[in-house]
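Throughout, numbering of the chain's residues begins at 1 and tracks the sequence. Not measured: the values here are computed from a predicted model.
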Amino acid sequence: MDTTGYDVEDRFPPLDDYLHLRQASGLTPFSVEAAAIGLKGTLFGVRVVQDDHIVGMGRIIGDGGCFFQVTDIAVLPEHQGKGLGKRIMAALVAYLRDNAPATAYVSLIADVPANRLYAQFGFEETAPRSVGMAMKIAR
């Protein structure tokens, strides 16, 4: 796949671009307030840029020692299918290999069919030993 013209930068998008990328790529939306707080927990992030426009992103959150989670992998629909997800994941996994202790637990929640992408980078399903669980805070 040709990703000529795209740059993967070791910088995470600013708040407005983050919210736009999540919404446009079909990820669950967050409020501005929640995102502003949450982005402070970014250990490492990348953004994909084409002609000064941010078209993709990915980040790692966690405690920096024991637990790391890959999250917010998003590419604008008109730029999908060009291998950008692979480039994002390659940058994130390179960071983990260089910075995470050997005993660290690295996880992610995979939407289908993106699980196939993550498997290419060594991620495996944990079931039946463990299953992902989630809870939404209702107010």
(request) May I ask you to decide if the ring planes of F44 and Y95 are parallel, tilted or perpendicular, using 30° and 60° as cut-offs? (result)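 Rings of F44 and Y95: parallel, under 30°.
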
Can you tell me how far the [atom1] atom of [X] sits from the [atom2] atom of [Y], to the nearest 0.5 Å?
X	Y	atom1	atom2	result
L84	I73	CG	CD1	12.0 Å
L21	R47	CG	CZ	10.5 Å
S25	D72	OG	CG	9.0 Å
L43	L92	CG	CG	11.0 Å
F30	L39	CZ	CG	9.5 Å
I88	R59	CD1	CZ	13.5 Å

(message) So for atom CD, which belongs to E124, do other residues, nucleotides or ligands contribute more than 12 heavy atoms lying within a distance under 6.0 Å?
(response) no

(request) Using a cut-off of 6.0 Å, state whether more than 12 heavy atoms not belonging to E9 lie near its atom CD. (result) yes

I'd like to know if the side chain of [X] reaches the main chain of [Y], judged simply by a donor and an acceptor atom lying under 3.5 Å from each other, with no hydrogens or angles considered.
X	Y	value
Q80	V75	yes
R22	T28	yes
D51	H53	no

Distance-minimising heavy-atom pair for [X] and [Y]:
X	Y	value
G64	P101	O-CD, 4.4 Å
L117	F121	O-CD1, 3.4 Å
P13	M57	CG-CB, 3.7 Å

(request) For the pair M89 and V70, evaluate side chain to side chain contact (heavy atoms under 4.5 Å, CB included) and give the outcome as yes or no after the intermediate values. (result) CA-CA 9 Å; M89 282 302 298; V70 174; 4.0 Å; yes

Could you pull out every donor-acceptor pair under 3.5 Å between side chains of residues 104-115 and any protein atom, sequence neighbours left out?
none

(message) Hydrophobic clustering (ILVMFWY, side-chain heavy atoms < 4.5 Å, transitive) - are L27 and I37 grouped together?
(response)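 In one cluster with I37: L27, no.
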
(request) Following the transitive rule for hydrophobic clusters with a side-chain heavy-atom cut-off under 4.5 Å over Ile, Leu, Val, Met, Phe, Trp and Tyr, establish whether L15 and I61 coincide in one cluster. (result)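 Looking at the clustering, I61 is in a separate group from L15.
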
(message) Under the criterion side chain to side chain contact (heavy atoms under 4.5 Å, CB included), I'd like the reasoning laid out for I137 against M135: C-alpha separation, chi angles, the key distance, then a yes or no.
(response) CA-CA 7 Å; I137 304 298; M135 178 181 81; 3.3 Å; yes

(request) Mind checking side chain to side chain donor-acceptor pair (under 3.5 Å) for Y6 and listing every partner two or more places apart, or none if nothing turns up? (result) H79, K82

